[in-house]
Amino acid sequence: SCESPSSLSCISVGRIHENGRDYVVLENSGRIDVTGLSEEDDIGLIFQVPKEKKENVAKRHGGRAAKHLPFVFSKIKQKALKEFDRSDVVRIYADARLQTCLDESVPILKDSTARSAVEAAHGTTLNGYGIRIAILDTGVDLGHPDFAGRIVATAIFTGESSVQDGHGHGTHVASIAAGDGAASGGLYKGVAPRASLMIAKVLANGGSGLSSGIIDGIEWAVEGGAHVINLSLGGGTGDGTDPLSQAVNWANDQGVLVVVAAGNAGAYGTRTITVPGVAERGLTVGASDQADQRASFSSRGLTTDGRI
């Protein structure tokens with residue numbers, strides 16, 4: 001029961017049914033989709049807490065604390081939310097599941113004229129040498145010749161046994177960023193073909209992954225010295241206050257450029273940029289089509305809180 005004298009209050013729980021979905025509504029913490037779940041099923045949650053309270057909250061709720069960010073990741077049975085003691089918990093979020101977010105690559109990558117013009121203007125060669133790019137995705141094809149000798153670190157945050165890409169999305173993204181074209185005789189070369197790669201498997205072979213694992217991957221990439229983090233993933237719109245968007249902002253504050261997909265929900269119109277593309281300090285990138293125009297599926301602003 002919720003009897004701790006230091007508790008802010010026991011969390012107030014309600015339920016609603018909307019558009020064919022069931023939600024648990026948490027006081028001051030939004031709502032969590034529980035469609036198809038029973039009272040005995042676990043719900044993945046992220047607690048935002050003061051940093052000095054993380055270990056205590058993690059121990060109390062059988063969870064684990066993020067290394068640097070003010071979050072605790074836990075799983076709680078749906079019925080237990082009715083007596084949840086939210087001592088030291090500022091806000092509760094669903095440990096949301098995100099999906100791969102890439103439709104197709106385009107010929108503009110092969111535009112050597114545009115690349116040469118930029119190189120001439122800056123008196124440099126744009127090949128990524130000395131730069132570490134962290135690809136947080138479905139892993140990578142470890143045997144692909146385009147990455148030979150340039151994968152400097154790997155990590156798994158999906159519970160799977162290998163960083164090997166069983167989906168294909170991560171390999172596609174890594175190729176666009178830093179493939180050297182070896183497998184195609186130089187025809188299909190990425191933007192930074194001499195960059196080093198850090199590969200974090202944050203999306204499982206089915207193409208999706210939890211926010212908690214992606215946050216773990218962001219912290220790992222920053223700790224490992226990444227200069228750029230790529231997140232070609234997304235899930236749901238938002239105002240940039242969610243945990244994953246906060247993690248993007250934190251990485252930026254550590255001096256790391258975080259490039260994020262805008263999303264693939266453009267068919268639904270404006271205000272369709274997905275999390276974590278809504279982060280205030282991420283570099284959110286839309287999609288172009290084969291004619292180098294904005295793709296019809298590319299999500300577009302504003303964010304739900306009105307930012308461009």
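Bear in mind that the values here come from a model prediction, so they are computed numbers and not experimental data.
Among all heavy-atom pairs drawn from A226 and A134, the shortest one is CB-CB, 3.9 Å. Nearest heavy atoms, F147 versus V140: CE1-CG2, 3.5 Å. A pairwise comparison of heavy atoms in G301 and T270 identifies O-CB, 3.3 Å as the closest pair. Closest non-hydrogen pair, S245 versus P276, comes out as OG-CA, 3.7 Å. In plain terms, the two heavy atoms of A261 and T274 that are nearest each other are O-OG1, 4.4 Å. Residues I273 and V278 come closest through the heavy atom pair O-CG1, 3.4 Å.
Two residues are said to be in side-chain contact when any heavy atoms from C-beta on lie closer than 4.5 Å; D41 and Q78 fail this criterion. With a 4.5 Å cut-off on side-chain heavy atoms, N230 and V173 count as touching. Within the 4.5 Å cutoff, the side chain of N264 has no heavy atoms near those of the S299 side chain. Residues V259 and I229 fail the side-chain proximity criterion, which asks for heavy atoms closer than 4.5 Å. The shortest side-chain heavy-atom distance between I43 and K75 does not fall under the 4.5 Å cut-off. Contact annotation: the side chain of D88 approaches that of R60 to within less than 4.5 Å [non-hydrogen atoms, C-beta and beyond].
Under the 3.5 Å distance criterion, the side-chain polar atoms of D95 are matched with a main-chain donor or acceptor of S212. For the pair T304 (side chain) and G238 (backbone), a donor-acceptor distance under 3.5 Å is present. Distance alone, capped at 3.5 Å, places no donor-acceptor pair between the R132 side chain and the H227 backbone. Side-chain atoms of T171 come within 3.5 Å of backbone N or O of D141 as a donor-acceptor pair. Side chain of Q48 to main chain of P70: no donor-acceptor pair is present (N/O by atom type, distance under 3.5 Å, no hydrogens or angles). Looking at S184, its side chain does come within 3.5 Å of a backbone N or O of G181 through a donor-acceptor pair. T284 places no side-chain N or O within donor-acceptor distance of the main-chain N or O of A262, the cut-off being under 3.5 Å. Distance alone, capped at 3.5 Å, is enough to place a donor-acceptor pair between the S211 side chain and the A96 backbone. A donor-acceptor pair under 3.5 Å links the side-chain atoms of Q164 to the main chain of L142, judged by distance alone. Judged by distance alone, the side chain of N56 and the main-chain N or O of K53 form no donor-acceptor pair under 3.5 Å.
Atom CZ of F157 and atom CD1 of I214 lie 11.5 Å apart (nearest 0.5 Å). Taken from OG in S298 to CG in D289, the straight-line distance is 10.0 Å, to the nearest 0.5 Å. Distance check: L231 CG to I135 CD1 gives 9.0 Å after rounding to the nearest 0.5 Å. With values rounded to the nearest 0.5 angstrom, I215 atom CD1 is found 6.5 Å from L69 atom CG. In this structure, CG on N205 lies 7.0 Å from CG on D165, to the nearest 0.5 angstrom. Rounding to the nearest 0.5 Å places CG of L37 at 9.5 Å from CG of D42.
Pairs engaging residues 267-286 under the ring pair (Phe, Tyr, Trp, His ring centres under 6.0 Å) rule: none recorded [sequence neighbours left out]. Counting only residues at least two apart or in different chains, ring pair (Phe, Tyr, Trp, His ring centres under 6.0 Å) contacts with residues 38-79 comprise F47-H61, F47-F84, H61-F84, H68-W250. Evaluation of the salt bridge (Lys or Arg N to Asp or Glu O under 4.0 Å) test over residues 238-265, restricted to residues two or more places apart or in two chains, returns D253-R281. Applying the salt bridge (Lys or Arg N to Asp or Glu O under 4.0 Å) test to residues at least two apart or on different chains, the pairs with a partner in residues 205-221 are R64-D216.
Under the 4.5 Å side-chain contact rule for hydrophobic residues, L98 and V202 share a cluster. Under the 4.5 Å side-chain heavy-atom criterion for Ile, Leu, Val, Met, Phe, Trp and Tyr, L126 and Y129 are members of distinct hydrophobic clusters. No continuous path of ILVMFWY side-chain contacts below 4.5 Å connects W220 to L210, so the two sit in separate hydrophobic clusters.
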Pair L197-V152, side-chain contact (heavy atoms from CB on, under 4.5 Å): steps then yes or no:
CA-CA 6 Å; L197 287 169; V152 296; over 6 Å; no
Derivation and outcome, side-chain contact (heavy atoms from CB on, under 4.5 Å), residues Y23 and I32 = CA-CA 5 Å; Y23 299 92; I32 296 172; over 6 Å; no
side-chain contact (heavy atoms from CB on, under 4.5 Å) between L233 and L203, worked out = CA-CA 9 Å; L233 46 81; L203 305 179; 4.2 Å; yes
Hey, mind stepping through S196 and I131 against side-chain contact (heavy atoms from CB on, under 4.5 Å) and telling me if it holds? CA-CA 6 Å; S196 297; I131 300 299; over 6 Å; no
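Applying the side chain to side chain donor-acceptor pair (under 3.5 Å) test to S175 and every residue at least two apart in sequence or in another chain returns nothing. With sequence neighbours excluded, the residues that form a salt bridge (Lys or Arg N to Asp or Glu O under 4.0 Å) with E160 are K201. Remark: E280 pairs with no residue by the salt bridge (Lys or Arg N to Asp or Glu O under 4.0 Å) rule, at least two apart or across chains. Residues satisfying the salt bridge (Lys or Arg N to Asp or Glu O under 4.0 Å) test with R300, not counting sequence neighbours, are none. Judged as a side chain to side chain donor-acceptor pair (under 3.5 Å), and not counting sequence neighbours, the contacts of S208 are R97. In terms of the salt bridge (Lys or Arg N to Asp or Glu O under 4.0 Å) criterion, D22 has no residue partners (sequence neighbours excluded). Here D146 pairs with nothing under the side chain to side chain donor-acceptor pair (under 3.5 Å) rule; sequence neighbours left out. In this structure R307 satisfies the side chain to side chain donor-acceptor pair (under 3.5 Å) test together with D305, sequence neighbours excluded.
In this structure, K77 places its NZ atom where more than 12 heavy-atom neighbours from other residues, nucleotides or ligands lie under 6.0 Å away.
Annotation: cation-pi geometry satisfied between R91 and Y93 (NZ/CZ under 6.0 angstrom from ring centroid, within 45° of ring axis).
Defined by atom type and a distance below 3.5 Å, a donor-acceptor pair is present between the side-chain atoms of R21 and T35.
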